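Just so we're clear, the structure is a prediction, and the values are computed from it rather than from any experiment.
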Amino acid sequence: MLIPSDERELAEAVSGSAGPLAVRGGGTRRVGHPVDGDDLAVAGLSGITFYEPGALTLVARAGTPLAQVEATLATEGQMLAFEPMDHRKLLGTSGEPTIGGTVAANVSGPRRVRAGACRDFLLGVRFVDGCGRIIKNGGRVMKNVTGYDLVRLMAGSRGTLGVLSEVCLKALPRPESTAVLLLAGLDVEVAVRAMSAALNSPYEVSGAAHVPVGLDGDPVTMIRLEGFEASIAYRAERLKAHLAEFGPAGIERRTEGPESATAGWAWIRDVEAHGGTGEDVWKFSIPPRDAPALVESLGGARVVLDWGGGLVWAAVEPGRDARRAISSGHATIIRADDETRNRLGVFQPETEPLATFAEGLRRKFDPKGILNPGLMG
């Protein structure tokens with residue numbers, strides 16, 4: 001395994017490679033087709049190089065553990081607003097998630113419905129392309145300048161366009177208080193309508209999820225509010241009245257800090273309901289209105305709905321082609337054996353224009369085709 005200790009060594013490792021490279025961060029997100037090549041880990045590129053709390057800006061090397069970034073921000077009452085998921089329980093992996101891997105996969109959690117995705121908080125990047133060239137794009141201030149889209153392009157490219165060496169991110173203040181409204185016993189169709197009503201209300205909902213089989217075996221719909229305590233108290237009562245048609249809502253938690261609400265939303269964020277089982281796991285990104293039909297088409301599959309129904313995690317019997325259950329949106333295999341991945345394809349097939357554009361980008365940034373070849377095929 002190649003483990004460069006700095007950006008220069010990373011560039012030399014890429015430029016001197018005689019064959020394909022399997023780029024990895026902490027090794028916790030094995031999503032995509034296996035890559036047949038030499039392992040190239042960025043774990044040696046670690047450390048926070050710049051943090052200005054007043055400017056809500058943090059710069060870290062790509063191999064920096066995500067936990068270190070979050071802990072540093074927490075000392076100043078700040079956070080990564082996109083609430084990145086930890087895949088370890090779902091995928092049964094070990095190691096430490098890295099900030100570079102988080103950005104490369106554009107990992108975003110429940111708060112995406114309000115705050116936005118990881119790429120929306122990415123201010124700048126440094127990376128090494130497939131020729132070993134060091135490229136810097138963006139900066140430390142969120143502004144629209146020439147080349148800014150390249151910063152966003154790297155988020156979600158999964159190491160196929162370049163190997164991230166450093167990222168610059170915008171942080172946000174941590175909420176003072178959190179409240180969770182629970183609606184019990186709703187079926188999926190009604191739950192989606194309730195979540196839509198909450199998200200479209202003026203009460204600044206920061207999370208909306210539904211589980212047909214909760215920890216107690218019954219359906220539960222979770223609506224999250226965050227902010228100042230006085231604001232939470234007002235908004236929670238108004239939202240309860242706003243959702244009265246869907247049944248009585250109990251306010252499960254209201255605290256001086258968000259810690260007591262963390263466990264329940266981490267359970268949703270990390271899809272812990274599907275961890276440790278032998279089923280395949282699919283991720284569907286769809287219009288929320290399509291979620292009830294999708295769940296019905298999956299015929300009894302265990303599901304977790306996030307983003308108001310726009311994100312559906314489904315655990316299905318091994319080998320099943322669950323992609324046939326949707327007519328729009330995207331379906332991705334998150335957990336399955338290699339045979340299923342190769343037969344069905346991990347990612348949603350691209351349209352011809354998009355595939356042509358993506359191939360053009362890969363030829364531009366990785367003309368030798370050595371960075372994670374086949375990962376997204």
Side-chain angles (χ1 to χ4, degrees), residues 47-60 64-86 97-99 102-103 106-125 138-144 151-152 155 166-181 198-199 201-209 222-239 251-270 306-308:
I48 295 171
T49 60
F50 176 84
Y51 178 38
E52 178 50 63
L56 299 171
T57 303
L58 179 142
V59 179
T64 308
L66 178 62
Q68 180 182 344
V69 172
E70 293 181 320
T72 298
L73 292 173
T75 62
E76 297 291 337
Q78 296 177 1
M79 66 178 183
L80 296 174
F82 51 92
E83 202 170 4
M85 173 186 178
D86 184 340
T98 62
I99 191 62
T102 298
V103 170
N106 192 34
V107 179
S108 312
R111 202 178 288 110
R112 179 176 181 173
V113 291
R114 176 161 183 80
C118 172
R119 64 166 52 95
D120 298 314
F121 290 86
L122 191 58
L123 302 177
V125 294
R140 295 176 178 175
V141 179
M142 181 71 83
K143 58 183 178 180
N144 189 16
V151 174
R152 296 166 67 90
E166 186 178 83
V167 298
C168 178
L169 291 159
K170 176 185 178 182
L172 286 184
R174 289 167 63 89
E176 173 188 289
S177 183
T178 303
V180 181
L181 275 66
L199 289 167
S201 75
Y203 304 117
E204 299 180 358
V205 168
S206 67
M222 305 165 60
I223 309 293
R224 182 174 63 183
L225 299 170
E226 296 176 306
F228 295 109
E229 175 61 25
S231 172
I232 288 290
Y234 173 84
R235 286 153 51 208
E237 293 302 325
R238 292 297 187 274
L239 186 57
I251 301 178
E252 184 187 46
R253 304 178 181 95
R254 185 180 295 154
T255 64
E256 294 304 316
E259 289 77 11
S260 67
T262 297
W265 284 97
W267 189 80
I268 293 290
R269 181 197 68 196
D270 299 340
D306 200 355
W307 302 353

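- Note that CG of Leu225 and CZ of Arg238 are 13.0 Å apart. Values are rounded to the nearest 0.5 Å.
- The closest donor-acceptor contact from the side chain of Asp306 to the backbone of Ala209 lies at 3.5 Å or more, if one exists at all.
- At distances below 3.5 Å, not a single donor-acceptor pair connects side-chain atoms of Ser177 with backbone N or O atoms of Gly227.
- Taking OG1 of Thr102 as the start and CG of Leu122 as the end, the distance is 11.5 Å to the nearest 0.5 Å.
- Looking at Asp270, its side chain does come within 3.5 Å of a backbone N or O of Asp86 through a donor-acceptor pair.
- Here the shortest heavy-atom pairing between Ile223 and Ala208 reads CD1-CB, 4.1 Å.
- Closest approach of Gly124 to Val151, counting heavy atoms only: N-CG1, 3.9 Å.
- Using a cutoff of 4.0 Å between basic side-chain nitrogens and carboxylate oxygens, Asp120 and Arg152 are scored as salt-bridged.
- Across all their heavy atoms, Arg269 and Pro84 have their closest contact at CD-O, 3.4 Å.
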Practice problem: Applying side-chain contact (heavy atoms from CB on, under 4.5 Å), run through Lys170 and Thr57 and close with a yes or a no. | Solution: CA-CA 5 Å; Lys170 176 185 178 182; Thr57 303; 5.8 Å; no

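- Taken to the nearest 0.5 Å, the CZ atom of Phe82 stands 6.5 Å off from the OG atom of Ser108.
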Quiz prompt | Trace of the side-chain contact (heavy atoms from CB on, under 4.5 Å) decision for Thr64 with Val167 | solution = CA-CA 10 Å; Thr64 308; Val167 298; over 6 Å; no

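- Checking side-chain atoms of Glu52 against main-chain N and O of Gly54 turns up a donor-acceptor pair under 3.5 Å.
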Quiz prompt | side-chain contact (heavy atoms from CB on, under 4.5 Å) evaluation trace for Leu80 with Val69 | solution = CA-CA 9 Å; Leu80 296 174; Val69 172; 4.2 Å; yes

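- If you take CD on Glu83 and CH2 on Trp265, they are separated by 8.0 Å, rounding to the nearest 0.5 Å.
- Here the side chains of Leu239 and Ser201 are in contact, with some heavy-atom distance below 4.5 Å.
- There is no side-chain donor-acceptor pair under 3.5 Å between Glu229 and Tyr234.
- Here the options are Arg174, Glu204, Arg235, Arg111, the test is side chain to side chain contact (heavy atoms under 4.5 Å, CB included), and the partner is Glu226; only Arg111 passes.
- Rounding to the nearest 0.5 angstrom, the gap separating the CH2 atom in Trp307 from the CG atom in Leu199 is 12.5 Å.
- Of the possible donor and acceptor atoms, one in the side chain of Arg119 sits under 3.5 Å from a partner among the backbone N and O of Ala155.
- Ile268 and Met222 get closest at one heavy-atom pair: CG1-SD, 3.9 Å.
- In this structure, Cys168 and Leu58 have side chains that are not in contact, with every pair of non-hydrogen atoms separated by 4.5 Å or more.
- The structure places CE of Met79 at 10.5 Å from CG of Leu56, a figure rounded to the nearest 0.5 Å.
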Exercise. Check the pair Arg114, Val205 against side-chain contact (heavy atoms from CB on, under 4.5 Å), reporting the backbone distance first and the verdict last.
Key: CA-CA 7 Å; Arg114 176 161 183 80; Val205 168; over 6 Å; no

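- A donor-acceptor pair shorter than 3.5 Å can be found between the side chains of Ser206 and Arg224.
- Nearest heavy atoms, Cys118 versus Asn106: CB-OD1, 3.3 Å.
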Practice problem: Begin from the C-alpha positions of Gln78 and Tyr51 and carry the test side-chain hydrogen bond (donor to acceptor under 3.5 Å, both in side chains) through to its verdict. | Solution: CA-CA 11 Å; Gln78 296 177 1; Tyr51 178 38; 2.8 Å; yes

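- The main-chain N or O of Gln68 is found under 3.5 Å from a side-chain atom of Thr72 such that the two form a donor-acceptor pair.
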